[in-house]
Amino acid sequence: MPAAAMGSRVARRLLFLVLLWGLVILAVLHFRSSHVAIAGRQLSTQLGNFVGSRLLLQSIGHGAGAGPTLPAAALNGVAVAADDPDVFVLDGFLDLEPSVDQSPARSEAMVVEDVQRQIPSLPIAYWSRHKNKPMYYKNESCAKFPSIFELEFNNVYWQVLQSTNGTFQLYGAYYDVRRFSKIGPAIRILGMINRIEPTVKTYCQLWFESLKEPVLVKVMEYKYIWYKKWGNYKQGIYQPYLIACQIPSKYHKLVPASVSVVEKPCDTASNNLRVIYNKPAEKKDFAVCVKGLDFLHEDLSVRLVEWIELLGTLGADKIFFYELQVHPNISKVLRYYEQLNRVDVTPLTLPGGQPNVPGFQHMYLVRKVNHKRQNELIPYNDCLYKNLYTYRYIALLDIDEVIMPINTNSWKELMDIVEVKALVQKNETRASYNVRNVYFLDDLIHEHGWFKDIPKYMHMLQHVYRSKNFTKPNQYVKCFHNPERALTLHNHFPLACLGSGCTSYSITTSDAQLQHYRADCVRNLKKSCVEYRQNSIVDTTIWKFKDKLIKRTTETLRKLGFFNLKDARAHKLGVS
């Protein structure tokens, strides 16, 4: 075959193959374009011509800045396929409104109010009123009023003074004008110092609402809230103290707004505490103070409801809780009673380098018992000083303890009798009135069975078997404290008092008893606990409140959603 003919045939074959390849490519493109056109038929009709999937996605996703804007009607009900299979168009999405917080920006005054509520010891409202005024002693380099942004905080609620001989962790400041106080009007400051018997000289800078200069006074006293024989009596461990600063007679008619503790009178302070002074027109009868709750994994919510309702029935006007870490159900109970104004809950941390991580903090408090007990004195005494003028009596109770009147139906009726008896014995008001402890141990009920007319979730109503013997007089007692006389409080009794000392009247067991609901005796009474278990009696004193307590507790648990009513109805009807 001539070479020319051979070349012509090869050329034709190549041309044929190119044409065939082109047809295949066109077929694939046509198939893809048709798929988009079917899915977007309404949209292509609106536009009048074919729009590639990539251009369509750009127009939808990027708006006017990236391509032509598509009419809203063209988008309704259209799902658009693209290279990205997760991209699609919602029906009427241009009319959708995302649910976001539309609240207006909060004013500074509103923020100040929130912060004051969260950190009661911070004088942020006072600072806000005076922040633009020149406030100092004599000249700007002496005792200048500190900005709240320059204060040194520790673990949220504590303010710090780093002195040349020890660190002060300051928690709260209080105005004390009680008639039995020999030093007259004074500021008491509650905190912890990592020194025993501090020797460093310090001063109080007292700030008043109507004065631009501070009043400088020397710290009068470091009152130790502990006995050294109890342990932990060594340098470097934070010890609880009540610091006193006497107010000069010239300013006796004025109440300080805030106070700072400094080492030198002219120092610019690293701490500034709001001075708390709550004095209502009329006193109420009873407040109860509860130490920092440490129940992160233990759900005691149902027992807590029963306890709060019983104390309310007995006459507690308000219960003041301090919260370290609690189970969510306990938190739900506390928030509920807060809304009813029956309890007050104050968040709490440990000062200094002590742990505040949930879980780890609990391990620390279990292992370091004396550290735990020293830390507990801060909420107890803060509760006392916040309520110096608000209540006639303050009781420090754990949530497994109840001061139970025997022959009366309320604490008020009880104390009306007790006060008369105490005055007959000695004609003076006492600093406290103590009640003896008796154990209602958990396992005693198991020997006798449950009471069928009482719900099993009513722990105290079910546990009416107690040890026959009380703990010894003045051991493990709890008191009704007289705020007019108590200077510092311990868990069981006052440590220091005003007037004629820490006189305490022992309420007879025929009038009242401290009912203590525990799984076991306290560690120091392990040997005695065997005897307590072997000699038990039935004591149904609490049953005089049975109907009321069951009704109130059950209703509260129902409101809080602790019952599965569907399951309860099915059980009642015998349906599995």
Practice task
Check the side chains of E401 and Y517 for a donor-acceptor pair under 3.5 angstrom, ignoring hydrogens and angles.
Solution key: no
Problem - Note: K412-D285 ion pair, threshold 4.0 Å (strictly below) - result: no
Handout entry: Donor-acceptor side-chain pairing of Q162 and T167 below 3.5 angstrom
Key = yes
Handout entry: For T199, side chain to side chain contact (heavy atoms under 4.5 Å, CB included) partners two or more places apart
Key = N165
Problem - Pair E309 + R342: basic N to acidic O under 4.0 Å - result: yes
Side chains of residues 318-327: which donor-acceptor partners sit under 3.5 Å, not counting sequence neighbours?
residue	atom	partner	partner atom	Å
K318	NZ	N341	OD1	2.9
Y322	OH	D382	OD2	2.5
Y322	OH	C383	N	3.3
Y322	OH	K386	NZ	3.3
E323	OE1	R335	NH2	3.4
Q325	OE1	G359	N	3.0
Q325	NE2	D294	OD1	2.8
H327	ND1	N329	N	3.0

Exercise for the section: State which residues pass salt bridge (Lys or Arg N to Asp or Glu O under 4.0 Å) with R466; sequence neighbours excluded, sorted by chain then number. Expected result: D539
Practice task
With sequence neighbours excluded, give me every salt bridge (Lys or Arg N to Asp or Glu O under 4.0 Å) pair touching residues 103-112.
Solution key: R106-D114, E108-K131
Handout entry: Results of salt bridge (Lys or Arg N to Asp or Glu O under 4.0 Å) for K548 - residues two or more places apart only
Key = none
Practice task
Check the side chains of N232 and Q374 for a donor-acceptor pair under 3.5 angstrom, ignoring hydrogens and angles.
Solution key: yes
Problem - Any side-chain heavy-atom pair of L242 and N381 under 4.5 Å - result: no
Completion exercise
Residues passing the side chain to side chain contact (heavy atoms under 4.5 Å, CB included) test with R558, sequence neighbours excluded, are E555, F563
Exercise for the section: Check whether the side chains of S504 and N434 place a donor and an acceptor atom closer than 3.5 Å, and report yes or no. Expected result: yes
Exercise for the section: Write out all pairs satisfying ring pair (Phe, Tyr, Trp, His ring centres under 6.0 Å) with one or both partners inside residues 472-498, taking only residues at least two apart or from two chains. Expected result: W230-H490, F286-F480, W411-F480, Y476-H492, H490-H492, H490-F493
Handout entry: Plane angle bin for Y171 and W158 - parallel if under 30°, tilted between 30 and 60°, otherwise perpendicular
Key = tilted
Problem - Side-chain H-bond candidate by donor/acceptor type, N375 with Q354, under 3.5 Å - result: yes
Practice task
Hey, could you give me each pair passing ring pair (Phe, Tyr, Trp, His ring centres under 6.0 Å) that has a residue in residues 289-308? Not counting sequence neighbours.
Solution key: none
Fill in the blank from the handout: With sequence neighbours left out, the residues meeting side chain to side chain contact (heavy atoms under 4.5 Å, CB included) with K372 are K291, L365, E376
Handout entry: side chain to side chain contact (heavy atoms under 4.5 Å, CB included) against D547, all qualifying residues, sequence neighbours excluded
Key = none
Fill in the blank from the handout: Sorted by chain and number, sequence neighbours left out, salt bridge (Lys or Arg N to Asp or Glu O under 4.0 Å) with R178 holds for D176
Handout entry: Salt-bridge present (K546, D453; N to O < 4.0 Å)
Key = yes
Handout entry: Residues D520, R533: salt bridge by 4.0 Å N-O rule
Key = yes
Practice task
Salt-bridge test for E484 and K283: reply yes if a basic N is under 4.0 Å from a carboxylate O, no otherwise.
Solution key: yes
Practice task
Fit a plane to each ring of Y222 and Y241, take the angle between them on a 0 to 90° scale, and name the class: parallel (under 30°), tilted (30 to 60°) or perpendicular (over 60°).
Solution key: perpendicular
Exercise for the section: For residues H463 and F440, establish whether the separation of their ring centroids is below 6.0 Å. Expected result: no
Handout entry: salt bridge (Lys or Arg N to Asp or Glu O under 4.0 Å) against K472, all qualifying residues, sequence neighbours excluded
Key = none
Problem - Side-chain donor-acceptor pair present, S432, R485, cut-off under 3.5 Å - result: no
